[in-house]
Amino acid sequence: MTAQQHTTVGELLARSHRLGADPRNTNYAGGNTSAKGLAPDPVTGQDTELLWVKGSGGDLGTLTADGLAALSLDRLRALKDVYPGVGREDEMVAAFDYCLHGRGGAAPSIDTAMHGLVDAPHVDHLHPDSGIALACAADGEKLTRECFGDSVAWVPWRRPGFQLGLDVAAVRRDNPRAVGCVLGGHGITAWGATSEECERNSLYVIETAAAFLAGRGRPEPFGPVREGYEPLAHEERRERAAALAPLIRGLASADRPQVGHFDDSGPVLDFLSRTEHPRLAALGTSCPDHFLRTKVRPLVLDLPASAPLEEARARLRELHEEYRADYHAYYERHAGPGSPAMRGADPAIVLVPGVGMFSFGKDKQTARVAGEFYVNAINVMHGAEAVSTYAPIPESEKFRIEYWELEEAKLRRMPPPRPLAARVALVTGAGSGIGRAVARRLSAEGACVVVADRDEASAEETAGELGGPDRALAVPVDVTSEEQIAAAFREAVLAFGGVDLVVNNAGISLSKPLAETTAEDWDAQHGIMARGSFLTSREAARVMAEQDMGGDIVYIASKNGVVAGPNNVAYGAAKADQAHQVRLLAAELGGLGVRVNGVNPDGVVRGSGIFAGGWGAQRAAVYGVPEEKLGEFYAQRTLLKREVLPEHVAAAVFALTGGDLSQTTGLHIPVDAGVAAAFLR
């Protein structure tokens, strides 16, 4: 990379990061930035003018050089001579590949033409709420002129593509005083001779529009507060959200499993408390980035926050049926012979007055971002209604983008989902040992994981290893406490929408002869393993029944629940209790589609919290071997002569839950390297 090339790309990335870091400037993965500059052609050695532009699917705030597409500018601009017209403009995206300079880099996005055809060294295309508010106002062109005079031009709605690039290039050419434009129904574009000037012009458009809306806007754009629709108090609101979340997630997953996200932020609660929210929500979102994430419109519960819980549940079921019927009708109204198949009729956004917003996606990040986009849409509606009337693009245009063949092609290029994608797992005792290994494996296979452990610091450490809040949640819980287990599941459903997979792993052990085993020893071990598993499974069954999506419950039992050993009465009896819970619950919960299975490990010494906590020393004393040799001792008494590790137990949990054993319930899998006395009969 030459010094000039390095400087140009470096300036572009720095500008992108500054703009993308502020949600007032653009939404996640929304918008593009670009720069033009010289670089040597490796064939001729002569300088050639290139366009570096953010590629398809990237995010400005975290953009890297690998996320840029580099194109030969003269070849890109020569595409004007072969452009076949609006009716065939989608063909131009494939033509971008013939303009690429070198190998690597990101795939060019649909907005590449705009950046290349506009005659300016630096171009920003952004989706700020303030700009989209003007773009989606009924008299947006007039308001843009009032707001900016001749410094910012108006471009009527046109679907992103080559023709929009030509339109914006013409605006730039015909309006020499303009520093940018408002794209009807879409966003803004700004340009500059330098990276600094381009960024300054982008911020000028965004901030001037925001000041105009604030100065000219009426005080209550969404109307007065509707009685009974005010936000519930914080704790009451969270309790009701947790009570509704599994049902709502199940409804939103009728076509395919979804992960959920809950938002009870101020803008959401205020919007839902106002008289105009039903009308505005029915109009749907407008900016293409918005409704690609949020669906054409949300499902809105039409009951006050004070409605009885069962009434709200029943009404949500009715509204879901209506939503699906309406979505099918929307698809049939606009689909043509070449339209992609309908992707699903369930809502991505569910709004509950007084409580908040539930958003859904294929994973937690997608669900969270969908919610963030709907907050953007609320802000857009607020701005448009403050100075005019919110007037999104027509439904037919929304369909053209939602079922755009280019979007369909992008979906086809995505890698297949991992086996546990869109599933939410809760693992007890996940702060160390077997539990941590299980949490790691489930996360690696695509699950969102709730890391439950009595040691909060260990739970936080494990959750951090798994990738943070979009992948894992740490919850402190003593499994002997009904209240703490209920609280853990409450946090789980608020974080991810529900729970599909529970692993009862928490445990302790004491090795004593019968005469020395106290009632406290017995109660402690049965409290955590027998009682704790029962309480956890009971709460899991309640959530899974409400979701109506089936599920898995796995017990980490033990070889000791099958084979009698010396000085082990309390632990062995507690494990036998767990083993029979598997059979009992498999029989009871099969009607819900919930499968209950167990894993019987033996001799898991390395990495084990139980063995490190004194159990190892006690068992070593029983068998007359040094504690550091206990793992080897256990291995030598097995048929395979191999030591059992936490990862081997985790593999068995995945085998039971990953899909290949979908017809199996009531099973115990030995993970003991072969202990003949523990063979199940």
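In this chain, residues are counted from 1 in sequence order. No hydrogens, no waters, no symmetry mates; every other heavy atom, side chains included, goes into these values.
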Sidechain N-carboxylate O distance under 4.0 Å for D264, R240: no
Going through the distances and angles, do L426 and V424 end up as a side chain to side chain contact (heavy atoms under 4.5 Å, CB included)? CA-CA 7 Å; L426 185 148; V424 181; over 6 Å; no
So, R238 and E235, do they make that salt bridge, N to O below 4.0 Å? no
Check this for me, if you would: do E445 and R423 make a salt bridge, where the nitrogen-to-carboxylate-oxygen distance has to be below 4.0 angstrom? no
Are any side-chain N or O atoms of D346 and backbone N or O atoms of A254, one a donor and one an acceptor, separated by less than 3.5 Å? yes
Between H668 (side chain only) and A579 (backbone N and O only), is there a donor and an acceptor less than 3.5 Å apart? yes
For D22, I'd like to know if atom CG has over 12 heavy atoms of other residues, nucleotides or ligands within 6.0 Å. yes
Write down the atom of P298, the atom of L351, and the distance for their closest heavy-atom approach. CG-CD1, 3.9 Å
Could you check whether any side-chain heavy atom of V479 comes within less than 4.5 Å of a side-chain heavy atom of L535, counting everything from C-beta outward? no
Give a yes or no on whether a salt bridge exists between D478 and R454, defined as a side-chain N under 4.0 angstrom from a carboxylate O. no
Any side-chain heavy atom of T657 sitting closer than 4.5 Å to one from L442? yes
For the pair Y323 (side chain) and R297 (backbone), establish whether a donor and an acceptor sit closer than 3.5 Å, ignoring hydrogens and angles. yes
When you measure from the side chain of K559 to the backbone N and O of V671, does any donor-acceptor pair fall under 3.5 Å? no
Could you point out which residue of V300, L251, I248 forms a side-chain contact (heavy atoms from CB on, under 4.5 Å) with V350? I248
In sequence, state the C-alpha distance, the side-chain angles, and the governing distance for L63 and H17, and then conclude on side chain to side chain contact (heavy atoms under 4.5 Å, CB included). CA-CA 7 Å; L63 187 63; H17 296 162; 4.2 Å; yes
Can you find a heavy atom in the side chain of M529 that is under 4.5 Å from one in the side chain of D577? no
Criterion side-chain contact (heavy atoms from CB on, under 4.5 Å) against V369, the qualifying member of K364, H261, R293: R293
Between D263 and S265, does any side-chain donor sit less than 3.5 Å from a side-chain acceptor? yes
Donor-acceptor side-chain pairing of S533 and Q581 below 3.5 angstrom: no
Does R642 have more than 12 heavy atoms from other residues, nucleotides or ligands lying within 6.0 Å of its CZ? no
Is there a side chain to side chain contact (heavy atoms under 4.5 Å, CB included) between T536 and F489 once you walk through the steps? CA-CA 9 Å; T536 302; F489 276 87; 4.1 Å; yes
Is there a donor-acceptor contact under 3.5 Å from the side chain of R249 to the main chain of Q547? no
Side-chain contact test, heavy atoms from C-beta onward, threshold under 4.5 Å: evaluate it for S359 versus Y374 and give yes or no. no
If I compare all heavy atoms of L244 with all of R313, which pair ends up nearest, and what's the gap? CD2-CG, 3.9 Å
Can a salt bridge be assigned to the pair E239 and R490 using a cut-off of 4.0 Å between side-chain N and carboxylate O? yes
Residue pair S16 / T33, side-chain donor-acceptor N/O under 3.5 Å: yes
Taking the side chain as C-beta and beyond, is there a heavy-atom pair between H320 and P347 under 4.5 Å? yes
So that I can tick it off, tell me whether E372 and R368 are bridged by a salt bridge, with the cut-off set at under 4.0 angstrom between side-chain N and carboxylate O. yes
Treating N27 as the side-chain partner and F373 as the backbone partner, does any N or O pair qualify as donor plus acceptor under 3.5 Å? no
So among T26, N376, V375, which one has a side-chain contact (heavy atoms from CB on, under 4.5 Å) with D129? N376
Could you check if a side-chain atom of S253 sits within less than 4.5 angstrom of a side-chain atom of F360, using non-hydrogen atoms only? no
Ignoring hydrogens and angles, tell me if any N or O in the side chain of D59 forms a donor-acceptor pair with the backbone of Y28 under 3.5 Å. no
Does a donor on one side chain sit under 3.5 Å from an acceptor on the other, for R237 and H234? no
Write down the atom of A242, the atom of V493, and the distance for their closest heavy-atom approach. O-CG2, 3.7 Å
Looking at side-chain heavy atoms only, is the closest gap between D672 and T638 below 4.5 Å? no
Sidechain-backbone polar pair: D453 side chain, G431 backbone, donor-acceptor under 3.5 Å: yes
For the residue pair A586 and T665, what are the closest heavy atoms and their distance? CB-OG1, 3.5 Å
Go through the side-chain N and O atoms of T664 and N597 and say whether any donor and acceptor fall under 3.5 Å apart. no
With distance as the sole test, does K54 use its side chain to make a donor-acceptor pair with the main-chain N or O of G58 at under 3.5 Å? yes
Side chain to side chain contact (heavy atoms under 4.5 Å, CB included) between E465 and R436, worked out: CA-CA 10 Å; E465 285 181 8; R436 178 173 284 187; 3.7 Å; yes
Donor-acceptor pair, distance only, cut-off 3.5 Å: does the side chain of T428 make one with the backbone of A506? yes
